[in-house]
Protein chains: 2
Amino acid sequence: MPAVSDIKTGLSAEQYALIAAFRYELRRFLAFSEAAAAAVGLPPQQHQALLAIAGKPGVSTIGSLAEQLLIAPHTAAELVARMVESALVTKTMGAQDRRRAELALTPKAEALLHRLTADHLKELEILEPALAKALGRITDADR
Amino acid sequence: MPAVSDIKTGLSAEQYALIAAFRYELRRFLAFSEAAAAAVGLPPQQHQALLAIAGKPGVSTIGSLAEQLLIAPHTAAELVARMVESALVTKTMGAQDRRRAELALTPKAEALLHRLTADHLKELEILEPALAKALGRITDADR
DNA sequence: CCTTTTCATATCGTATTACGATATATATAT
DNA sequence: ATATATATATCGTAATACGATATGAAAAGG
């Protein structure tokens, strides 16, 4: 039986600490990522949008982008508008379905994303162990 | 040798897809967490603050909270002010060092956090495999 | 076919929240 | 005792996602 715990639910100060630790590791990664994006002049969500477009097999649209980013379609439309404005993304209205806006990265965006991704891979080498461990401890614990 | 890749850097569409997939899993967890907090009337950052205070061994202060949440101290001060306002946190100025504000959860906050944490543990049981796998694939890949 | 409904995207006003710049009070050091 | 550092606070600002709503295009129903 655990030292300091709520018998009824199994929740204890330790459980809070485990989840808090996981969230802290998450924050460290996200903070790194935001800083890296900012360093090349990108708002964090624009970085994510570029990644989503580049990582998607096939053609991205406003709708598929919204789905991947878990935002509302009209929010994705605004995001894309800002990125078209800053020459990161091109928007071509679909040939068969003229409602759909097909998205593609400009060379400028590809260069930025390439660099960012290399940096992320390097940083993830460092952060991964702590992140994986923190996550594992949570799900191992309540068993 | 990988199918479609940039020889010089090892970066490929697959790498983008791997990182994008990881970020997507991350988003799913964060979206769940935000929704769960919202369902009990808490802004997401206030939930994190409660968790940080509850999970910290020893006494929390504005400064320690800022550190855990990776925000500036003055931002933490504002956050705490909002939480004191809504009777989630009590702030007691330190006895020896009267600059420090010692933080504690109110019973109301403890009840909310308890419930949220139980929900998070349950959801993490579900999300953990995909999250761990997505993370593992990134660091396994570039080796 | 032509009208209704649904789908994909767009626009506008609003609210939240973190930040920079700055301020104040207390503690520590010279 | 004064200077410097530390802990927290305040105010104005900016970024961005959302709700409500709108528009145009495609699909479905009769």
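Naming convention: chains lettered A, B, ... in sequence-line order (proteins, then strands); numbering from 1 in each chain.
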Residue pair B:Pro73/A:Asp97 against DNA chain D: nearer the 5' end by closest nucleotide is B:Pro73
Rounded to whole Å, the CZ-C1' distance (B:Arg100 to D:dA9) equals 17 Å
Taken to the nearest whole Å, CD/B:Glu102 to P/D:dT8 is 10 Å
Between CD of B:Glu34 and P of C:dT16 the distance, given in whole Å, is 15 Å
Requested in this report: Keeping the roles fixed (side chain from B:Arg27, backbone from A:Gln68), state whether a donor-acceptor pair exists under 3.5 Å.
Outcome: yes
To the nearest angstrom, the CE-C1' distance between B:Met83 and C:dT17 comes to 13 Å
Under the 3.5 angstrom rule, does the side chain of A:Ser64 hit a backbone N or O of A:Ser60 as a donor-acceptor pair? no
Given protein heavy atoms under 4.0 Å, the one-letter contact record of nucleotides 17-24 of chain D, with B base, S sugar-phosphate only and - none, is simply SBBB---B
> What do you reckon, is CD of A:Glu67 surrounded by more than 12 foreign heavy atoms closer than 6.0 Å?
Replying inline: no
Pairs under 3.5 Å (Watson-Crick or G-U), crossing ones as [ ], inter-strand ones as |: DNA chain C comes out as ||||||||||||||||||||||||||||||
* Asked: If you count the non-hydrogen atoms of other residues, nucleotides and ligands that lie under 6.0 Å from CZ in A:Arg100, is the total more than 12?
  -> no
B:Leu69 CG to C:dA18 C1', in whole Å, measures 12 Å
*Do any N or O atoms from the side chain of B:Lys56 and from the backbone of B:Leu51 form a donor-acceptor pair under 3.5 angstrom?*
no
Between B:Thr61 and A:Gly94, the residue closer to the 5' end of DNA chain D by nearest nucleotide is B:Thr61
From CD of A:Glu67 across to P of C:dC7 the rounded distance in Å is 13 Å
Here the distance between atom P of C:dA10 and atom CG of A:Leu65, to the nearest Å, is 11 Å
Original post:
Is the gap between the ring centers of A:Tyr24 and A:Phe29 under 6.0 Å?
Top reply: no
### Query
Within the structure shown, what part of the strands sits under 4.0 Å from B:Gln96 by heavy-atom distance: base, sugar-phosphate, or nothing?
sugar-phosphate
When rounded to whole Å, the CD to P distance for the pair A:Glu85 and D:dA15 reads 13 Å
NZ of B:Lys133: more than 12 outside heavy atoms within 6.0 angstrom?
no
Checking D:dT16, C:dT9, D:dT8 against the side chain of A:Ile62 (C-beta onward), the nearest is C:dT9
Please determine if A:Lys122 and A:Glu125 form a salt bridge, counting it only when a charged side-chain N lies under 4.0 Å from a carboxylate O.
-> no
query: Within the structure, does a side-chain N or O atom of A:Lys91 lie under 4.0 Å from either OP1 or OP2 of C:dA10?
result: yes
To the nearest 0.5 Å, atom CE of A:Met83 lies from atom CG of A:Leu42 at 9.0 Å
